[in-house]
Every structure is written in structure tokens, then in C-alpha cells.
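Inspection log for the structure reproduced underneath, given as C-alpha cells.
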2 protein chains.
Amino acid sequence: MVHECKSKRTVETALEILVGKWKPVILFHLIDQGTLRFSELQRLIPDVTKKMLTTQLRELEYHDIINRKVYAQIPPKVEYSITEYGEGLKPVLLSMHEWGLTHLDHLDDLYGESQETIEK
Amino acid sequence: MVHECKSKRTVETALEILVGKWKPVILFHLIDQGTLRFSELQRLIPDVTKKMLTTQLRELEYHDIINRKVYAQIPPKVEYSITEYGEGLKPVLLSMHEWGLTHLDHLDDLYGESQETIEK
DNA sequence: TATCGTAGTATACAAAAAGTAACCTAAGGA
DNA sequence: TCCTTAGGTTACTTTTTGTATACTACGATA
């Protein structure tokens, strides 16, 4: 049971950080690969625009979930990675992932919805 | 590590269900109290408007997270409760809650932000 | 007869989030 | 001299969310 002693805003606080159309995918890739450049993220997430990628990364950075490392080079090079603090989100993402798997099965059961399978 | 074999959309699927300004609070109260009437939810969540409460409840119902039981009475009586399937979200909410607690501490450390404490 | 309470709906509007398209920068290479 | 590259920014539009207010049906109560 969720205990309420401190504040009711804890779940919302976690959501605040996770919510954003591209944040889960970004975190997924950074957790998976460790460190990625801006352009690598762009390639891994084909539908994201530069603008959205930038804003989502900035928000994650603002919350100290990811690191942004700029190399003083031309052309520029910027690397993103999960912070130690951000690692703490893994259990959250994992439980959501687990639940998502079940939910997709549930949907399959209900509507026979076919879910795209993405290979590595 | 989050494994990608089935689909990347699992986390987003979970988020879809949880996201909405009032959904976490609604779920919180329903998990906490078991069954609640529309008006009881309104009283427990003072800032929510009828419209938002209705839409958020409908969305949760659509996803089979909560039950809506209508009594054929005047004045109307409608009761909401978590479905068995919806119970599966508890681990997700709990891990978010846990993370939220840590995050609030982290914020306290960084900015000394004071967080309102709500008593039961 | 007027008002109260329940669980809403309808309508209009405001604000926030997301998307589109074009532009910027400076170095190195053709 | 112009083009390319990487990682953006800016201005603008569209879509999604959320708010505010009014309204309904029906029976009970005063």
C-alpha cells in the first residue's frame, strides 16, 4: 500500500520527470547503450525532431537525470549519459516495462491487437 | 536492464495510463479506500473539476483499470473501484512513490525546497 | 413552491505540449 | 568560394490538456 505520510506528490514528481513524448525512449537508449551523441539518439529515434530531442534532453538534464558533455570541437560533439542519480529511475522504468508487457498481452487478449516487434 | 525483445512501447503504454493531471491521485485514493463514489472523490480531491474528474475516470475505465458501477437511483449513485487488472499497477505506483520520496530529498539537498506535508 | 444533492453534459476558452520549417555557427575539404 | 557537418535556435502553427461556468433530471426535503 502506498503510504501517504510525507506527501501525495511523490508519484506526480516521478511522472513529471518521465513524461514527455520522447523521454522514455531516450532514457531507454541511454540506459541500454551508456553514452550516446545527439546525432546517435536522432538516428535511434527516427521520428523525433531536433527541437523535441533538444527540449527533452534539456529537461532530463535539468532534473539531473542525464549528463551533457560538450567537446570543444568543430563540428560539435555532445555526449549524453545517465547520471548516477538517474540510475535510480531504473526500477521505475523496469516496473513500468513489466507492466507494459502484461498490458500488451491483456490488450491482445481483449482485442487481438497486433503489436509491432522491433528487432535489435 | 530493460530488455527490448518484444517492443519499445511498453513504458509508454504504462505512462499513457498513468498520465493525466488527476489519475495518480484518483488511483491513490481508490487503492487506499477500495471503493469511492464520484462525490467522495470530488471531496478528497478538492481542486478537480467535475469535467476533469469525469474524463480521467472514463479514461481509466476504458483501460480496464477501474470499475464503474451505476446504481439506478435518484439521486444517482456511482461507485468506482480498482479492477483486479488495475491492481497490477500497484508495483509501478509504489516504485514511483519510492523514487519520488528520494527525489524530494534530493531536491531538498540541492535547493532546500520545503515540501508540504499532508496529514491523514 | 423553492431549493438541495448527485452525477453528470455542454460550451467556450486558456494554457501547455508538440510539431514544422527555416536559419545559425565555425572549421575543414573540394 | 561554396559545401558539409553537428548540434543546436527561432518563429510560428497545431494538437492536446485543463479550466470555468452554466445547465440537466429527478426525487426529497423545508
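- When the side chain to side chain donor-acceptor pair (under 3.5 Å) test is applied to A:Ser39, no partner is found at least two apart in sequence or on another chain.
- Contact between the side-chain N/O atoms of B:Arg58 and the OP1/OP2 oxygens of C:dA7 is not found at any separation under 4.0 Å.
- Contacts of B:Tyr71 with the nucleic acid, taken as non-hydrogen atoms under 4.0 Å apart, are absent.
- Between the C1' atom of C:dA7 and the OH atom of B:Tyr80 lies a distance of 8 Å, rounded to the nearest Å.
- Inspection of the A:His103 and B:Thr13 side chains reveals no N or O donor paired with an N or O acceptor under 3.5 Å.
- Put simply, chain B comes within 4.0 Å of DNA chain D, heavy atom to any atom, from D:dG18 to D:dG27, going 5' to 3'.
- Proximity of the aromatic rings of A:Tyr85 and A:His63 is defined here by a centroid distance below 6.0 angstrom, and this criterion is not met.
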Counting primed atoms, P, OP1 and OP2 as sugar-phosphate and everything else as base, the B/S/- map of nucleotides 18-24 of chain C against protein heavy atoms under 4.0 Å is SBB----

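- Using modelled atom types, no side-chain atom of A:Ser81 and backbone atom of A:Gly34 make a donor-acceptor pair closer than 3.5 Å.
- Partners of A:Glu61 under the side chain to side chain donor-acceptor pair (under 3.5 Å) rule, at least two apart in sequence or in another chain, do not exist in this structure.
- In this structure, B:Glu79 places its CD atom 13 Å from C1' of C:dA7, rounding to the nearest Å.
- If you measure from atom CD of B:Glu40 to atom P of C:dA7, you get 8 Å, rounded to the nearest angstrom.
- B:Glu40 pairs by the side chain to side chain donor-acceptor pair (under 3.5 Å) definition with nothing, not counting sequence neighbours.
- Residue B:Glu84 qualifies as open at atom CD: its count of foreign heavy atoms under 6.0 Å is 12 or below.
- The nearest whole Å value for the distance from the CD1 atom in A:Ile74 to the P atom in C:dA26 is 8 Å.
- Evaluation of the salt bridge (Lys or Arg N to Asp or Glu O under 4.0 Å) test over residues 69-79 of chain B, restricted to residues two or more places apart or in two chains, returns B:Lys77-B:Glu79.
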